[in-house]
Visitor: 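Mind having a look at this structure? Questions to follow.
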Amino acid sequence: MDDASMVGLLGRVSGTVGPGLVGEVIVRVRGGAEHFLAYPADGSGPIAPGTVVMVMEYLPPRTVYVTAAYGS
């Protein structure tokens, strides 16, 4: 999967994402759901488990920078 096709995908936080933390998100890609290490795209406060997020940047092979989607 190329970098551009990951950007904009939605996922759900499974491990708190925040400054100084390596979080985890689950994103639906390639016909299934995959886990990615996650960092906050804007460096702001923590994003709690269960929050829907959008991928803002993808660093192969398994790292994404995310932001909360839908104002959550």
Visitor: Going from CZ on R28 to CG on L9, what distance comes out if it is rounded to the nearest 0.5 angstrom?
Guide: 11.5 Å
Visitor: Who are the side chain to side chain donor-acceptor pair (under 3.5 Å) partners of T63, not counting sequence neighbours?
Guide: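 For T63, no residue satisfies side chain to side chain donor-acceptor pair (under 3.5 Å) once neighbours in sequence are set aside.
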Visitor: Please collect all salt bridge (Lys or Arg N to Asp or Glu O under 4.0 Å) contacts where either partner lies in residues 45-55, sequence neighbours excluded, each pair once.
Guide: none
Visitor: Would you please name every residue forming a side chain to side chain contact (heavy atoms under 4.5 Å, CB included) with L21, sequence neighbours left out?
Guide: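 By the side chain to side chain contact (heavy atoms under 4.5 Å, CB included) rule, L21 matches T16.
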Visitor: Let me see the working for T67 and V53 under side-chain contact (heavy atoms from CB on, under 4.5 Å), right down to the final yes or no.
Guide: CA-CA 5 Å; T67 188; V53 294; over 6 Å; no
Visitor: Please check if I26 and V55 belong to a single hydrophobic cluster, counting links between Ile, Leu, Val, Met, Phe, Trp and Tyr side chain heavy atoms closer than 4.5 Å.
Guide: no
Visitor: Tell me every residue that passes side chain to side chain contact (heavy atoms under 4.5 Å, CB included) with S44, counting only those two or more places apart in sequence or in another chain.
Guide: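 Partners of S44 under the side chain to side chain contact (heavy atoms under 4.5 Å, CB included) test: D42.
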Visitor: Which residues pass the side chain to side chain contact (heavy atoms under 4.5 Å, CB included) test with R62, sequence neighbours left out?
Guide: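 Partners of R62 under the side chain to side chain contact (heavy atoms under 4.5 Å, CB included) test: R30, E34, F36.
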Visitor: Taking only residues two or more places apart in sequence or in another chain, which ones pass side chain to side chain contact (heavy atoms under 4.5 Å, CB included) with E57?
Guide: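 Counting only residues at least two positions away or on another chain, E57 forms a side chain to side chain contact (heavy atoms under 4.5 Å, CB included) with L59, Y65.
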Visitor: Could you point out which residue of P46, P40, P49 forms a side chain to side chain contact (heavy atoms under 4.5 Å, CB included) with V17?
Guide: P40
Visitor: Might you point out which heavy atoms bring A38 and V66 nearest each other, and give the distance in Å?
Guide: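 Heavy atoms of A38 and V66 come nearest at CB-CG2, 4.5 Å.
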Visitor: So how far is it from T51 OG1 to R12 CZ, rounded to the nearest 0.5 Å?
Guide: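 T51 OG1 to R12 CZ: 8.5 Å, rounded to 0.5 Å.
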Visitor: Evaluate the criterion side-chain contact (heavy atoms from CB on, under 4.5 Å) for residue pair E24 and V13; output intermediate values, then yes/no.
Guide: CA-CA 6 Å; E24 182 181 63; V13 176; over 6 Å; no
Visitor: So which heavy atom on P19 is nearest to which on G43, and how close?
Guide: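 Shortest heavy-atom contact: CG-O, 3.4 Å.
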Visitor: Would you name the heavy atoms of L10 and A69 that are closest together and state the gap between them?
Guide: CD2-CB, 4.1 Å
